[in-house]
Engineer: 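Sharing a structure with you now.
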Amino acid sequence: MSIGNSPEDDRPSVGRALQQARIAAGLTVEEVSSSTRVRIPIVHAIEADDFSRCGGDVYARGHIRNIARAVGIDPEPLVERYDGDHGGRPAPTPAAPLFEAERIRSEPRRPNWTAAMVAAIVAVIGFVGFTLFNGGDDKPSNTAQVAEGSKPDKTAAKPTTTKPADPKPAPSESAIAAAPRDKVTVKLGVSRDKSWISVKDHTGRTLFDGLLLEGESKTFQDKERIDLVLGNAGVIELFVNGKKLQDRFEPGQVERLTYTKGDPEAG
């Protein structure tokens, strides 16, 4: 008599689940590789459930977590399934033995008579010097005269006080909004959920590549052009050269945008 498959057996494999989530998020393998720093061939291999190129279970589990976060799914169920398919969770590394010096009593130290003699000589010299300095002359010192009531010199210069310079104010939202005309300024904020973004300047240099979480924002400037890739454009608030754009993107939608110093012409 055959036994039916359990619900757990109907779940997609670890690699298949990551691939389906990536496609649903509208991301390419290259974009996932760029945001996670996992090389493209390894991303392809993991999606095919080939973990031999990861370099061991510890690295495989780390890659699974990074890729899962990049495509927007919970990594822990996938890591647990990987452990179940590969002999369980890796055993923790045993703690190193105690340092040998902590387990062996050191021999009693002999008293350092040289140091004791030097300390005694210094103490005697200090006492003799103090006695000679204070003895012999019974006349009160200038300090004592002032303390007993002699009037201080009124011509002594009074200390001058200078007013500290006002600290520079911290940059505010209004300062960011007043974008310079000779540059292109782009500000990205996430109103809810999270979004993977990639930002490059006019030379193609990457200014940012990763996830923005709910409530986070970042501002970028370039003298000519800013290129954007928004992985979940529907949750992004976009300001270009100090103006908020009213474009309505759908959640999960991938947008590739470019802005220059003259943008936006209206809005």
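Predicted, not measured: the structure shown is a model, and the values here were computed from it.
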Engineer: Does the side chain of Glu237 come under 3.5 Å of the side chain of Ser191 through a donor N or O and an acceptor N or O?
Structural biologist: no
Engineer: Taking all non-hydrogen atoms of both residues into account, name the closest pair between Leu18 and Ile64 and its distance.
Structural biologist: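 Leu18 and Ile64 have their closest heavy atoms at CD2-O, 4.4 Å.
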Engineer: Check Ser35 against Trp196 and note the closest heavy-atom contact, atom names and distance.
Structural biologist: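 Heavy atoms of Ser35 and Trp196 come nearest at CB-NE1, 2.7 Å.
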Engineer: For Thr185 and Asn241, test the side chains for any donor-to-acceptor distance below 3.5 angstrom and give the result as yes or no.
Structural biologist: no
Engineer: Counting only N and O atoms by type, is there a donor-acceptor contact under 3.5 Å from the side chain of Glu216 to the main-chain atoms of Leu213?
Structural biologist: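 It does hold such a pair.
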Engineer: Between Ser34 and Glu30 (side chain of the first, backbone of the second, donor and acceptor by atom type, cut-off under 3.5 Å), is there such a pair?
Structural biologist: no
Engineer: Where the side chain of Arg81 meets the backbone of Pro12, is there a donor-acceptor pair that is under 3.5 Å apart?
Structural biologist: yes
Engineer: Under the salt bridge (Lys or Arg N to Asp or Glu O under 4.0 Å) rule, collect the residues that match up with Arg69, sequence neighbours excluded.
Structural biologist: none
Engineer: When you measure from the side chain of Arg53 to the backbone of Ile42, do you find a donor-acceptor pair of N or O atoms at a distance under 3.5 Å?
Structural biologist: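 Pair absent, no side-chain N/O of Arg53 close to backbone of Ile42.
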Engineer: Please determine, by modelled atom types, if Thr258 and Asp227 share a side-chain donor-acceptor pair under 3.5 angstrom.
Structural biologist: yes
Engineer: May I ask you to decide if Ala17's main-chain N or O and Gln20's side chain share a donor-acceptor pair within less than 3.5 Å?
Structural biologist: no
Engineer: So, does Gln253 use its side chain to make a donor-acceptor pair with the main chain of Glu250 at under 3.5 Å?
Structural biologist: yes
Engineer: Sub-3.5 Å donor-acceptor pair from the side chain of Asp201 to the main-chain atoms of Asp222, do we have one?
Structural biologist: no
Engineer: Under 30°, 30 to 60°, or over 60°: which ring-plane class applies to Phe51 and Tyr82, parallel, tilted or perpendicular?
Structural biologist: perpendicular
Engineer: Between Arg181 (side chain only) and Lys261 (backbone N and O only), is there a donor and an acceptor less than 3.5 Å apart?
Structural biologist: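 Judged by distance alone, no pair lies under 3.5 Å.
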Engineer: Do Leu238 and Leu257 come within less than 4.5 Å of each other through their side chains, counting heavy atoms only?
Structural biologist: yes
Engineer: Step by step, work out the side-chain contact (heavy atoms from CB on, under 4.5 Å) result for Val235 and Lys194.
Structural biologist: CA-CA 7 Å; Val235 302; Lys194 58 189 173 184; over 6 Å; no
